[in-house]
Amino acid sequence: MSFIMHLYGEVEPHLSSLIACFSAITSEIFSFTACRQLSQMFFAIIFFHCSEYVLAVAIHGKNSVSLKSLLISKNYMLAMICSLVEYFVEIYFFPEMKEHWLISNTGLAMVVVGEIIRKLAIITAGRSFTHLIKRFHEEHHVLVTNGVYKYIRHPSYCGFFIWSVGTQIMLCNPLSTLAFAVVVWRFFQQRIPYEEFFLRQFFGSDYEEYARRTTSGVPFIK
């Protein structure tokens, strides 16, 4: 019995410190700020991916659509996990960083605007929109130049760029905001020229003229 009491006396200070640390962490994680920002983040992610899949099924039919239309990859999951790690670390050590509601609400507005632009692009393009780049011309694939495409050649990319960066501004994540902006921009810097190579083959001079009077929709990419 005396041994147990002695052991408890040795462990008790460390246990108390651990409990205090855990309480501090949970109080920050379950604070109003964290609950609001994280709930907005998870709702934005769930709505984005589910609506991508639903629209793909509605436009192309269930038999022509796979789970790839959810647009969830290993790299994407890793990026989102890293952004959450940054959020939890910062809200514990620097909770005041997450209290900039003007910045957070700006990010929320970007998420909404980006979502609207992307979904308008998908609906307007109809069967001409696919999640994979078409390397062979199909009969139903036409050059869409109306609606949002009248001003932007790649409105779906524009929408995703705004949406993805907006999710991190919404969380007041400075590191992830910069990382998402750079990584997504680099992805589209490579993808857009590759896609337009085939579009020029499919539509020839019509696409050349269309490209001259519109913007790509992604900053600093012609």
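For this chain, numbers begin at 1 and follow the sequence in order.
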Indicate, with yes or no, if [Y] and [X] share a hydrophobic cluster defined by side-chain heavy-atom contacts under 4.5 Å among Ile, Leu, Val, Met, Phe, Trp and Tyr.
X	Y	value
Leu71	Ile45	yes
Ile59	Leu70	no
Ile72	Tyr53	yes
Tyr157	Leu55	no
Val148	Val144	yes

Glu196 vs His154, side-chain hydrogen bond (donor to acceptor under 3.5 Å, both in side chains): CA-CA, chis, key distance, verdict: CA-CA 10 Å; Glu196 291 193 341; His154 302 282; 2.8 Å; yes
Less than 4.5 Å apart, side chain to side chain, heavy atoms only: is that true for [X] and [Y]?
X	Y	result
Met97	Cys172	no
Tyr87	Ser176	no
Ile169	Val111	no
Ser104	Arg36	no
Phe197	Ile133	no
Phe202	Glu138	no
Glu86	Pro174	yes

Can you check whether [Y]'s main-chain N or O pairs, donor with acceptor, with [X]'s side chain at less than 3.5 Å?
X	Y	answer
Thr124	Ala121	no
Gln40	Met170	no
Ser83	Met80	yes
Arg127	Val142	no
Thr33	Lys98	no
Thr177	Asn173	yes

What's the spacing between [X] [atom1] and [Y] [atom2] if we round to 0.5 Å?
X	Y	atom1	atom2	value
Arg153	Leu199	CZ	CG	9.5 Å
Phe187	Phe161	CZ	CZ	13.0 Å
Lys222	Thr214	NZ	OG1	13.5 Å
Ser156	Leu120	OG	CG	11.5 Å
Ile221	Thr215	CD1	OG1	9.5 Å
Ile152	Ile117	CD1	CD1	6.0 Å

Would you call the rings of Phe160 and Phe188 parallel, tilted or perpendicular, taking 30° and 60° as the class edges? perpendicular
Short N-O contact, Glu52 and Arg118, less than 4.0 angstrom: yes
Using every non-hydrogen atom in the two residues, find where [X] and [Y] come nearest and quote the distance to one decimal.
X	Y	answer
Ile91	Ser31	CD1-OG, 4.3 Å
Tyr194	Phe198	O-CD1, 3.3 Å
Gln189	Pro193	O-CD, 2.9 Å
Ile192	Ser216	CD1-CB, 4.3 Å

CZ (Arg213) with more than 12 external heavy atoms under 6.0 Å: yes
Residues, nucleotides or ligands: over 12 heavy atoms within 6.0 Å of Arg200 CZ: yes
List the steps, then state whether ring pair (Phe, Tyr, Trp, His ring centres under 6.0 Å) holds for Tyr76 with His49. CA-CA 12 Å; Tyr76 176 84; His49 293 288; 4.9 Å; yes
Can you list the steps and then say if Phe42 with Leu84 is a side chain to side chain contact (heavy atoms under 4.5 Å, CB included)? CA-CA 11 Å; Phe42 289 128; Leu84 290 175; 4.2 Å; yes
Could you tell me if the ring centre of [X] sits under 6.0 Å from that of [Y]?
X	Y	result
Phe203	His141	yes
His60	Phe129	no
Tyr210	Tyr149	no

Dump the intermediate steps for side chain to side chain contact (heavy atoms under 4.5 Å, CB included) on Val184 and Trp163, then the final yes or no. CA-CA 11 Å; Val184 175; Trp163 179 89; over 6 Å; no
